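Residue numbering restarts at 1 for every chain, and letters A, B, ... go by the order of the sequence lines. Not measured: the values here are computed from a predicted model.
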Amino acid sequence: MTTPTGITYRKVAVPSNLERRAFLFMRLSGAALLLLAVGHMMIQHVLNSSQNLTLQFVAQQWSSWGWRVYDMLLLFFAITHGFNGLRNVLEDYVHNRNAVKWINRFLFVFAILTIIWAGIAIATF
Amino acid sequence: MQVHIRIRRFNPETDNKPRWGEYTVNDVNPTDSVLDVLHRVKWEQDGTLTLRRSCAHGVCGSDAMRINGANMLACKTLVSRIAKPGSDQAKIQVEPILGLRVIKDLVVDMDPFFDHYRSVLPYFVNDNVPADGREFRQSPEDRARFDDTTKCILCAACTTSCPSFWANEKYVGPAAIVQAHRFIFDSRDQAAEERLKVVGDSFGVWRCRTNFNCTNACPREIEVTKAIAEVKGVLARGKI
Ligand code: HEM
Ligand code: SF4
Ligand code: FES
């Protein structure tokens with residue numbers, strides 16, 4: 001009889017719950033932030049010196065829609081990534097399921113409101 | 001050489017909280033293990049000292065303890081590894097593994113640990129009859145995929161070194177994930193999907209923050225964190 005060779009890859013059904021989606025989102029938003037947040041740091045604080053970050057400078061940047069879109073993407077990914085990370089950390093220590101539920105609702109609403117009001121500020125500056 | 005050993009003691013019948021017991025043991029060989037030193041304390045100084053051990057040779061997994069702040073098997077940890085090189089004295093501190101209820105001295109309640117172990121169906125599942133009527137055949141490459149995780153002796157050093165488990169004992173823990181990995185990656189097994197339901201749950205692999213305590217703790221040198229990451233990969237991709 002011959003010996004089987006090679007690796008057998010198999011497809012499997014996996015539970016697609018919130019936690020799995022959150023994990024995938026942390027990787028995706030992490031990759032986005034690697035470009036956006038590191039880019040932001042380099043452009044605003046290294047290439048432009050922090051002393052130049054005046055109201056006029058911001059106004060001039062946000063007169064271009066390119067910068068507005070960049071900053072809105074940074075806003076969206078930083079807030080969603082950060083709040084989801086915070087949810088993850090809190091779930092380690094808060095053991096009461098009901099309390100977890102309410103904390104998650106609060107974080108969700110707070111994150112959405114932050115994105116909305118900061119988004120409006122960027123769009124209408 | 002001379003060993004000063006500090007042992008976390010707790011007798012539920014007389015103590016309301018744990019205390020330190022301090023002992024000095026003389027004429028210790030550098031090649032003696034920490035378990036040998038604990039035996040000398042128990043046999044020569046205080047017979048009430050309570051601990052688990054069976055094989056004394058790193059096989060049974062019953063004597064995982066926190067030795068000088070890190071989880072190890074007492075029987076596999078030589079005094080020479082702890083003493084400063086060239087010194088004829090050693091200071092050793094021994095505590096029960098963390099995150100499980102202390103029953104007495106170094107003995108903890110392992111039930112939550114073994115409940116998590118059982119939850120991942122840690123046994124081979126395949127109800128079919130092999131094609132040749134005799135055995136399920138497997139390529140060396142397929143066998144190699146789970147070789148590392150076959151080495152586990154269920155000592156609990158990994159799970160009780162994990163901050164996520166300390167924070168929440170509902171977390172299934174590294175050891176149970178290692179066991180799940182052992183069977184999920186076995187091409188002959190058929191219960192991967194059921195196991196993935198358990199380790200893909202909110203108290204499954206997602207509690208892991210990749211901090212490598214488990215890999216450092218494992219006395220069998222299993223790459224525990226890597227095994228967990230591979231199970232995460234299966235859950236992310238839907239492919240083994
Ligand atoms: C270079 C940019 C960044 C990258 C590549 C990145 C990547 C990641 C990844 C991959 C995780 C998941 C870790 C895990 O699953 O164990 C994570 C978690 C987290 N991130 Fe980020 N991140 C970045 C920036 C940020 C920023 C700007 C914030 C704050 C707004 C943030 C807050 C968090 C928090 C709170 C967690 C959860 C930590 C935990 O679960 O213990 N990250 N990050
Ligand atoms: S993986 Fe290693 S540390 Fe964890 S229970 Fe198994 S042998 Fe012990
Ligand atoms: S006594 Fe068996 S592993 Fe240490």
Side-chain angles (χ1 to χ4, degrees), chain A residues 1-34 37-38 77-109 111, chain B residues 130-146 162-172 180 183-211 228-229 231-240:
Chain A
M1 193 182 281
T2 54
T3 311
T5 56
I7 294 180
T8 345
Y9 292 104
R10 294 169 285 155
K11 277 203 152 49
V12 276
V14 291
S16 188
N17 47 20
L18 172 77
E19 223 58 56
R20 173 176 175 273
R21 282 190 287 263
F23 170 84
L24 294 173
F25 178 75
M26 285 313 258
R27 313 282 126 168
L28 177 87
S29 54
L33 284 171
L34 208 54
V38 175
F77 281 115
I79 294 295
T80 49
H81 178 97
F83 273 93
N84 187 44
L86 184 60
R87 176 190 71 84
N88 208 18
V89 173
L90 288 173
E91 268 185 38
D92 277 344
Y93 296 102
V94 181
H95 295 181
N96 180 319
R97 287 318 290 170
N98 223 15
V100 169
K101 211 161 75 188
W102 280 103
I103 288 173
N104 288 352
R105 282 179 189 162
F106 174 77
L107 291 180
F108 182 76
V109 171
Chain B
D132 64 1
R134 295 158 64 89
E135 58 184 331
F136 293 107
R137 299 175 68 80
Q138 183 171 51
S139 71
E141 293 84 355
D142 273 338
R143 176 62 180 74
R145 293 182 83 191
F146 61 91
C162 174
S164 293
F165 183 74
W166 297 338
N168 199 329
E169 72 163 33
K170 277 198 241 157
Y171 171 38
V172 68
F183 293 100
I184 289 170
F185 280 84
D186 188 333
S187 58
R188 304 162 299 182
D189 180 90
Q190 293 186 325
E193 291 182 355
E194 273 171 76
R195 292 190 192 94
L196 288 167
K197 269 186 215 145
V198 179
V199 295
D201 179 74
S202 49
F203 287 106
V205 291
W206 314 125
R207 294 284 108 201
C208 163
R209 305 306 214 294
T210 318
N211 79 25
I228 299 174
V231 174
K232 284 178 186 167
V234 170
L235 283 160
R237 286 183 277 273
K239 191 177 148 194
I240 301 171

Presence of salt bridge, A:Glu19 and A:Arg87, under 4.0 angstrom: yes
Do B:Asp186 and B:Arg145 meet the salt-bridge criterion of a basic N to acidic O distance under 4.0 Å? no
If I measure from the heavy atoms of chain A, does [X] come under 4.5 Å with its side chain, its backbone, both, or neither?
X        : result
B:Phe203 : side chain
B:Ala236 : both
B:Val234 : both
B:Phe185 : backbone
B:Arg143 : neither

Which bit of A:Asn17 comes within less than 4.5 Å of chain B, counting heavy atoms only: side chain, backbone, both or neither? side chain
Between A:Leu24 and chain B, with a heavy-atom cut-off of 4.5 Å, which part of the residue counts as in contact: side chain, backbone, both or neither? side chain
Heavy atoms, side chains only, cut-off 4.5 Å: are A:Val12 and B:Lys239 in contact? no
Does the side chain of B:Thr210 come within less than 4.5 Å of B:Lys232's, by heavy atoms? yes
Greater than 12 external heavy atoms within 6.0 Å of A:Glu91's CD: yes
If you count heavy-atom pairs within less than 4.5 Å of chain B, which of A:Arg20, A:Arg21, A:Lys11 leads? A:Arg20
Which label fits B:Trp206 and A:Phe23: parallel for a plane angle under 30°, tilted from 30 to 60°, or perpendicular past 60°? tilted
